Amino acid sequence: QVQLVESGGRLVQAGDSLRLSCAASGVTFSNYRMGWFRQAPGKEREFVSHISWSGVSTYYADSVKGRFTVSRDNSKNTLYLQMNTLKPDDTAIYYCGARNRFRSTNYDYSLPGSYDYWGQGTQVTVSS
């Protein structure tokens with residue numbers, strides 16, 4: 001059974017840094033492309049970042065580019081999101097998603113529907 005578990009979210013102040021983790025089990029982690037999304041109250045889930053199965057390729061939403069860094073450790077079955085210079089607008093529940101890399105490569109990594117599995121999310125709150 002595939003399981004993704006996010007952790008690391010908490011209340012921080014504007015300008016602080018935070019690192020989120022997403023631990024995967026029940027899958028061969030290196031077979032999955034991974035994404036980070038977030039959802040604020042009353043808003044749709046939005047794309048944050050995507051990383052290829054090898055970790056070589058990374059992509060970011062414009063709103064987090066230069067502040068967030070996605071990485072993965074396939075030996076530990078874990079995905080990370082380093083978030084620096086946090087802003088109140090970053091407040092949301094953060095989710096990780098997994099997409100099997102053997103599926104079609106013709107997909108939009110910024111769409112939630114492109115992912116096969118999701119975690120339960122971790123809350124990040126940034127106070128001003």
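Being a predicted model, the structure only gives us computed values, none of them experimental. Throughout, residue positions are numbered sequentially from 1 according to the sequence presented.
Considering OH of Tyr80 and OG of Ser49, their distance stands at 15.0 Å, rounded to 0.5 Å. The structure places CG of Asn100 at 6.0 Å from CG of Asn31, a figure rounded to the nearest 0.5 Å. Between the OG1 atom in Thr28 and the CH2 atom in Trp53 there is a gap of 12.5 Å [rounded to 0.5 Å]. Note: Met34 CE to Arg99 CZ = 13.0 Å, rounded to the nearest 0.5 Å. Note that CG of Leu79 is 8.5 Å distant from OG of Ser21, once rounded to the nearest 0.5 Å. In this structure, the separation between OG on Ser30 and CZ on Arg101 is 6.5 Å, given to the nearest 0.5 Å.
Checked against the 6.0 Å centroid threshold, Tyr109 and Tyr59 count as a close aromatic pair. In this structure, Tyr60 has its ring center no closer than 6.0 Å to that of Phe47. The distance between the ring centers of Trp118 and Phe37 falls below 6.0 angstrom.
Taking 4.5 Å as the limit, every side-chain heavy atom of Met83 sits out of range of all side-chain heavy atoms of Asp16. Within the 4.5 Å cutoff, side-chain heavy atoms of Tyr117 are placed close to those of Tyr32. Residues Tyr94 and Leu81 meet the side-chain proximity criterion, which asks for heavy atoms closer than 4.5 Å. Side chains of Asp90 and Phe68 form a contact here, defined as non-hydrogen atoms less than 4.5 Å apart.
Defined by atom type and a distance below 3.5 Å, a donor-acceptor pair is missing between the side-chain atoms of Ser114 and Asp108. Side chain to side chain, Asn106 and Ser104 fail the donor-acceptor criterion of an N or O pair below 3.5 Å.
When every heavy atom of Leu20 is checked against every heavy atom of Gly8, the shortest pair comes out as CD2-C, 3.6 Å. Closest of all the heavy-atom pairs between Val64 and Val48 is CG2-O, 3.6 Å. A pairwise comparison of heavy atoms in Arg72 and Arg33 identifies NH1-CA, 4.1 Å as the closest pair.
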Stepwise, does the side chain to side chain contact (heavy atoms under 4.5 Å, CB included) test hold for Glu6 with Gln120? CA-CA 7 Å; Glu6 301 93 336; Gln120 84 293 340; 3.1 Å; yes
Step-by-step side chain to side chain contact (heavy atoms under 4.5 Å, CB included) determination, Thr122 to Arg10: CA-CA 8 Å; Thr122 186; Arg10 60 183 177 89; over 6 Å; no
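Lys65 has a carboxylate O that lies under 4.0 Å from a charged side-chain N of Asp62, or vice versa, which qualifies the two as a salt bridge.
Here the side chain of Arg67 pairs a donor or acceptor atom with the backbone of Thr85 at under 3.5 angstrom. Ser52 places a side-chain N or O within donor-acceptor distance of the main-chain N or O of Ser57, the cut-off being under 3.5 Å. The backbone N or O of Val12 sits less than 3.5 Å from a side-chain atom of Ser127, completing a donor-acceptor pair.
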